[in-house]
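Structure record follows, encoded as structure tokens.
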2 protein chains.
Amino acid sequence: MRQSSATIRDVAREAAVSVASVSRAMNGHSSVHPDTRERVMAAARSLGYVPHAGARSLSLSRSHAIGVVLPDLHGEFFSEIVRGMDREVTARGYHLLLSNMHADAERAAQAVRSMRGRVDGLIVMAPQLVAGGLDEALPLGVPAVLINSQHGPGRASFHIDNAAGIAASVEHLVAQGRRRLVHVSGPFGNIDADERRQGYLSAMARLAPEVEPVVIEGDFHEDSGAAAMAEIAERGVRYDGIVAGNDMMALGVLSVLRERRVDVPGAVAVTGFDDIPLARYLGLTTIRAPLAEMGERAVARLVDALEGGTLALETQTIATELVIRATSPAGAA
Amino acid sequence: MRQSSATIRDVAREAAVSVASVSRAMNGHSSVHPDTRERVMAAARSLGYVPHAGARSLSLSRSHAIGVVLPDLHGEFFSEIVRGMDREVTARGYHLLLSNMHADAERAAQAVRSMRGRVDGLIVMAPQLVAGGLDEALPLGVPAVLINSQHGPGRASFHIDNAAGIAASVEHLVAQGRRRLVHVSGPFGNIDADERRQGYLSAMARLAPEVEPVVIEGDFHEDSGAAAMAEIAERGVRYDGIVAGNDMMALGVLSVLRERRVDVPGAVAVTGFDDIPLARYLGLTTIRAPLAEMGERAVARLVDALEGGTLALETQTIATELVIRATSPAGAA
DNA sequence: CTGTTAGCGCCTTCAT
DNA sequence: ATGAAGGCGCTAACAG
């Protein structure tokens, strides 16, 4: 049953021409006699011939595929970026090849290596890979765009301005007269988490220098937001605002607050990061980053480079936007 | 700069052996002298050699990639399925190649064709493609698994039991003494929408035969849920329950109800379909389908077939589960 | 155990 | 305008 499809040679035989002519006809070259072209097309149609992309890639050294390496598809964050990439890639006539990259450098390198020879370029998102690991893993000769990853100089990359985003949250809360702000951080070592935490610390030092900043480590999941609240209670920390490292943890925070019948935003204001759909529904103040757009831009940048342009080896910063909602309305406190 | 990577021949030269030996050594064949293997590995390492997957595929006629064709990555529905596929595919040592399929049959066929020669098998999700269109587009000789798509006999596929899911919702509401149930449907022609609508109609005929069923067409997006409520009001329809075709539309329905200060679930109960994360947060009763698991199973089935097994040309039905929440609590009405 | 050779399917000079 | 032939990088017989 597994009848192997027709090849270019079958078409050539059927049309009584050489394979070269078939190739030329199929690829719309000009120097082909209309009659020949017609015969070739007819033969191809009748045989149900479809060019073998793999062979084509090998011959042209261009696969028209770009590899995407990321931790996982879990949650809104990555799927939103991938969605943007998918949109652009479709418009450009390319394909997306997905690959999971695990946290440890060895398997990360493995994931990257396994794409050599099947993609023309790479987009890598490795927020939890330590600096250096990524630079070593990336193969030479394959253009790559990095997103929110730690890397050395001389790489094309995008960087969401995490610190500025969190700083905006802190400013917003401080403007309401709140000063005892606690930060629920993502896992230490994750670059996004680290930058956000650093943003919180800097902003606090600048805007509320007399207050001792408090950081609780979470893991970006909802449960850890709730757990953080428990720890805060245990340590007897007083606070009038919680700046969470992402929306999911903010939700965990909110559920605990609601359980304890704490007045939000009266007594405590809460902010998140990412602006996932849930945030809008629950009225959570958050920081929005144009993820899909960043995905599009990453692809555009890469494809432009592949098609003759040059890949600017610079980091492009993606600005974020503070979205104020019910958990910290403008005039509160 | 674009220094072309080392090939198997470079390694052979460096190790002073033939390319065949390099190939054998790299692929862990048994019949290779330990010394040569060592020399080869050393040479490969020093040259930073990474096998060219494309060339390998061509030679082996196996790409270890499976193509996924779907409408878009928008929303939870597809990304959840893709997440499951991604998980399984990683475990099996395969890659996922994404491709968007637009609604019209021509471009759908195009999307499928463009994957010939780059994947070993296909997983296709085309809920809005009319019967026949898909069967024609699918290339012979490439194993394919269809998910929630219209197709002729003799295909391997999965089918979410939409009708049974909606029927469960209707039964649940009827058990509460509600009978004037309105269905907000997805777009006509979409197989999921059609089956759910049909499930509603059958269940109504069976459980509330004296009631005239009411169907309003939406488009699976939130706004259309709100629009449906407007239309219902305009037509003066009386109701005590809204059975939406999916969660997003149910959310639209809920927002209108809340705006009008209608008592939910007292006066009106609402149900959705999909069990997106938001549903849990908003306490929306819904139908859950194990999407990620279905994605995993689709990949497992396909890969098993590719590795020697045979692809059972049958439709496997995915059972759904009624998740009762605040918008239609068990003892209400 | 190892080297030589012939493809996998296609594109592209180089002749004609 | 067309055909013949070499090659993309790798693997799989087939000989030694």
Side-chain angles (χ1 to χ4, degrees), chain A residues 2 4-40 43-44 47-64 113-120 139 141-142, chain B residues 2-40 43-44 47-65 113-120 139 141-142:
Chain A
R2 188 75 158 284
S4 58
S5 318
T7 76
I8 196 174
R9 274 208 292 255
D10 300 321
V11 178
R13 192 180 317 118
E14 176 80 9
V17 296
S18 73
V19 294
S21 290
V22 176
S23 174
R24 286 189 278 250
M26 295 294 297
N27 295 307
H29 282 215
S30 53
S31 56
V32 184
H33 193 97
D35 292 359
T36 338
R37 180 187 305 282
E38 197 42 57
R39 286 227 306 292
V40 168
L47 291 171
Y49 170 71
V50 178
H52 189 289
R56 202 148 189 281
S57 306
L58 186 58
S59 181
L60 295 173
S61 324
R62 308 277 277 88
S63 65
H64 277 266
R113 267 196 298 267
S114 75
M115 302 197 104
R116 125 106 166 150
R118 43 176 91 213
V119 301
D120 296 333
V142 178
Chain B
R2 190 77 158 283
Q3 72 178 79
S4 59
S5 320
T7 77
I8 195 174
R9 273 209 292 254
D10 300 321
V11 179
R13 191 179 319 117
E14 176 81 10
V17 297
S18 72
V19 293
S21 290
V22 176
S23 174
R24 286 190 280 251
M26 296 294 296
N27 295 305
H29 282 215
S30 54
S31 55
V32 184
H33 192 97
D35 292 0
T36 28
R37 180 187 304 282
E38 195 43 56
R39 286 226 308 292
V40 168
L47 266 50
Y49 170 70
V50 178
H52 188 290
R56 200 149 189 280
S57 306
L58 186 59
S59 182
L60 294 173
S61 322
R62 310 276 277 88
S63 65
H64 278 268
R113 267 197 299 266
S114 75
M115 303 197 102
R116 125 107 165 150
R118 39 180 36 148
V119 301
D120 296 334
V142 178

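Note that this is a predicted model, so its numbers are computed, not measured. Scope of the values below: all heavy atoms of this structure, side chains included, with no hydrogens, waters or symmetry mates. Protein chains get the first letters and strands the later ones, always in sequence-line order, with residue 1 at the start of each.
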**Asked** Is any N or O donor-acceptor pair between the side chain of A:Arg24 and the base of D:dG3 shorter than 3.5 Å?
**Response** yes

**Prompt:** Where do B:His52 and B:Thr7 land on the side-chain contact (heavy atoms from CB on, under 4.5 Å) test, with the steps shown first?
**Reply:** CA-CA 8 Å; B:His52 188 290; B:Thr7 77; over 6 Å; no

**Message:** Looking at every heavy atom in both B:Val50 and A:Arg116, which two are closest together, and how far apart are they?
**Reply:** O-NE, 2.5 Å

**Value in whole Å for how far the P atom of C:dG7 lies from CG of A:Leu58** = 17 Å

**Pairwise distance CG(B:Leu60) to CG(B:Asp120) - rounded to 0.5 angstrom** = 10.0 Å

**Message:** With rounding to the nearest 0.5 angstrom, report the CG to OG distance, A:Leu58 to B:Ser57.
**Reply:** 9.5 Å

**Item:** Rounded interatomic separation in angstrom, taking CZ from B:Arg39 and P from C:dT2
**Value:** 8 Å

**Request:** Quick one: label A:Leu60 by what it contacts on the DNA or RNA (base, sugar-phosphate, nothing), any heavy atom closer than 4.0 Å.
**Result:** sugar-phosphate

**Asked** Separation of A:His52 atom NE2 from C:dC8 atom C1', in whole Å?
**Response** 8 Å

**Item:** Shortest side-chain distance from A:Thr36, nucleotide among D:dA12, D:dA1, D:dG7
**Value:** D:dA1

**Request:** Pick base, sugar-phosphate or nothing for A:Val17, based on heavy-atom distances below 4.0 Å to the nucleic acid.
**Result:** sugar-phosphate

**Message:** From C-beta outward on B:Ser31, which listed nucleotide comes closest to its side chain: C:dC1, C:dG9, C:dT4?
**Reply:** C:dC1

**Item:** Spacing of A:Met115 atom CE and A:Ser63 atom OG [to the nearest 0.5 Å]
**Value:** 9.5 Å

**Item:** Any B:Arg56 side-chain N or O less than 4.0 Å from OP1/OP2 of D:dT11
**Value:** yes

**Message:** Given D:dG3, C:dG3, C:dG9, identify the nucleotide with an atom nearest to the side chain of A:Ala20.
**Reply:** D:dG3

**Shortest side-chain distance from A:Ser21, nucleotide among C:dC11, D:dG3, D:dG9** = D:dG3

**Prompt:** Which nucleotide in the list C:dT2, D:dC10, C:dC10 gets nearest to the side chain of A:Arg116?
**Reply:** D:dC10

**Asked** Under 4.0 angstrom, heavy atoms only, what part of the nucleic acid is A:Arg9 near: base, sugar-phosphate, or nothing?
**Response** sugar-phosphate

**Prompt:** Of all the choices, C:dC8, D:dT11, D:dC10, which nucleotide is nearest to the side chain of B:Thr7 once you look at every atom?
**Reply:** D:dC10

**Message:** Please classify the nucleic acid contact of A:Ser57 as base, sugar-phosphate, or nothing, using heavy-atom distances under 4.0 Å.
**Reply:** nothing

**Complete:** Per atom distances to the A:Ser59 side chain, the nearest of D:dT2, C:dC10, D:dT11 is C:dC10

